[in-house]
Amino acid sequence: MGKRIVVLASGSGSNLQALLDHESTAEHVVAVLSDRNHAGALHRAAGAGLPAQAVPFGDHQGRAEWASELAAHVATYAPDLLVLAGFMRILPAAFVERWPTLNVHPSLLPAFPGGRAVESALAWGVKLTGATVHFVDEQVDHGPIVAQEAVPVRENDDEASLHARIQAVEHRLLPEAADLFCRGRLAVEGRHVRILP
Ligand code: GRF
C-alpha cells in the first residue's frame, strides 16, 4: 500500500476518476472528501468502494470552523498526500503546512490563476493555454510546479470545448504526478520540483 492519498473534490470528479483509473495511483487513494453534499466525486468514490464524505462549507460558522472540521476528517485517514481534484475552496496555511498537497489547475500558471482560468484565457485571446499540476502553498494557484502541458486554443473554441481538451490533459498529468510522489520521486527545492530518477 505505501503512501496514503486523500482526495478533496467539489465537482463532477473526472480528475478523481482519472486517479482511480490509473493502475499504480489508484491503490493509494484511501478516502474522498468534499465541501459539497452532492458532489459527483462523492458518488464516484462510493462506487469505487472508498469512504466518501461531505463537510459542507455552509454548515459552519466560518472558514476557520469549517477548515478545522475538514482537517479532523482528513487526519482520520492519516494521509501522506492530499490531492485537490477540482476542489473549489481555499485551504488555510495550516492545512498545507501539515500535509503535502497537489492541485490541478486549467491554465499554464502563473497565467490565469483563480476560478475562471479557461474563461479568462479565451477573453485574453491567448493562442496557448494548458494544464498545471503544482504543490499547494499558502497563496492561490501559486506553489512549486510539478508538471505542465500546453493546449492550443482554436479559433472556434468556447469555454466548454477548450475546457474539455484541457481536462483530457489534466487526467493524464494529475495521476502521473501523484504516482511520482508515491514513489518518492518528487524533490522540492524552493520553487523548483525535480523529478528524481
Ligand atoms: C478541473 O478542470 C480543475 O482544473 C478545476 O476544476 C475542474 C474540476 O473538474 N480546478 P472535475 O470535477 O475533476 O471533473
Side-chain angles (χ1 to χ4, degrees), residues 5-22 25-26 28-29 31-48 50 52-57 70 81-92 95-96 100-124 126 128-154 157-179 181 193:
I5 299 174
V6 169
V7 177
L8 304 185
S10 304
S12 78
S14 69
N15 278 288
L16 166 67
Q17 194 63 55
L19 291 163
L20 298 177
D21 290 343
H22 187 273
T25 305
H28 297 282
V29 178
V32 177
L33 299 172
S34 182
D35 59 317
R36 294 192 187 152
N37 271 322
H38 301 293
L42 292 176
H43 297 290
R44 291 184 199 257
L50 289 168
Q53 188 167 354
V55 181
F57 191 84
L70 183 63
L81 176 71
L82 303 187
V83 175
L84 309 186
F87 191 63
M88 304 312 279
R89 299 265 170 205
I90 296 167
L91 292 171
F95 237 93
V96 295
T101 302
L102 290 175
N103 181 43
V104 61
H105 182 77
S107 75
L108 291 176
L109 290 172
F112 310 120
R116 298 187 160 187
V118 180
E119 187 186 329
S120 303
L122 277 174
W124 196 265
V126 295
L128 273 183
T129 181
T132 302
V133 176
H134 65 96
F135 280 105
V136 176
D137 66 9
E138 69 292 343
Q139 295 182 53
V140 176
D141 298 330
H142 176 270
I145 290 169
V146 178
Q148 284 187 306
E149 193 172 303
V151 173
V153 180
R154 295 179 186 156
D157 261 331
D158 59 17
E159 199 179 330
S161 64
L162 180 56
H163 201 175
R165 292 205 313 289
I166 292 171
Q167 282 205 311
V169 174
E170 293 180 344
H171 297 164
R172 205 158 25 75
L173 295 191
L174 184 63
E176 283 173 7
D179 186 44
F181 179 91
V193 180

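Just so you know, ligand 1 is whichever comes first in the structure, and atom 1 is the first atom listed for that ligand.
Rounded to the nearest 0.5 Å, atoms CD1 (Ile5) and OG1 (Thr101) are 11.5 Å apart. Between atom CG of residue Leu42 and atom CG of residue Leu50 there is a gap of 11.0 Å, rounded to the nearest 0.5 Å. Interatomic distance, NE2 of His28 versus CG of Leu19, reported as 11.5 Å (0.5 Å rounding). To the nearest 0.5 Å, atom CG of residue Leu102 and atom CZ of residue Phe135 are 5.0 Å apart.
Remark: Phe181 engages no residue in a ring pair (Phe, Tyr, Trp, His ring centres under 6.0 Å) (not counting sequence neighbours).
When each atom of ligand 1 is checked for a heavy atom of Gly11 under 4.0 Å away, the hits are 12 (O). For ligand 1, the atoms closer than 4.0 angstrom to any heavy atom of Gln167 are 1 (C), 2 (O), 7 (C), 8 (C), 9 (O), 11 (P), 14 (O). Against a heavy-atom cut-off of under 4.0 Å, Val104 is close to the following atoms of ligand 1: 3 (C), 4 (O), 10 (N).
Shortest contact from atom 1 (C) of ligand 1 to any protein heavy atom: Glu170 OE1, 3.2 Å. Regarding atom 8 (C) of ligand 1, its nearest protein heavy-atom neighbour is Gly86 CA, 3.6 Å. Distance from atom 2 (O) of ligand 1 to its nearest protein heavy atom, with residue and atom name: His163 NE2, 2.7 Å. Nearest to atom 12 (O) of ligand 1 among the protein's heavy atoms is Gly13 N, 2.8 Å.
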Check: residues 140-154 side-chain donor-acceptor pairs under 3.5 Å, at least two apart:
unit_1 : atom_1 : unit_2 : atom_2 : d
Asp141 : OD1    : Asn103 : ND2    : 3.3
Asp141 : OD2    : His105 : ND1    : 3.3
Asp141 : OD2    : Gly114 : N      : 2.7
His142 : ND1    : Asp137 : OD1    : 3.2
His142 : ND1    : Asp137 : OD2    : 2.5
Gln148 : NE2    : Leu109 : O      : 2.9
Gln148 : NE2    : Thr132 : OG1    : 2.9
Glu149 : OE1    : Arg172 : NH1    : 3.1
Glu149 : OE1    : Arg172 : NH2    : 3.4
Glu149 : OE2    : Arg172 : NH2    : 2.7

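Summarising the contacts of atom 11 (P) of ligand 1 with Ser14, Ala9, Ala164, the nearest heavy atom is found in Ser14.
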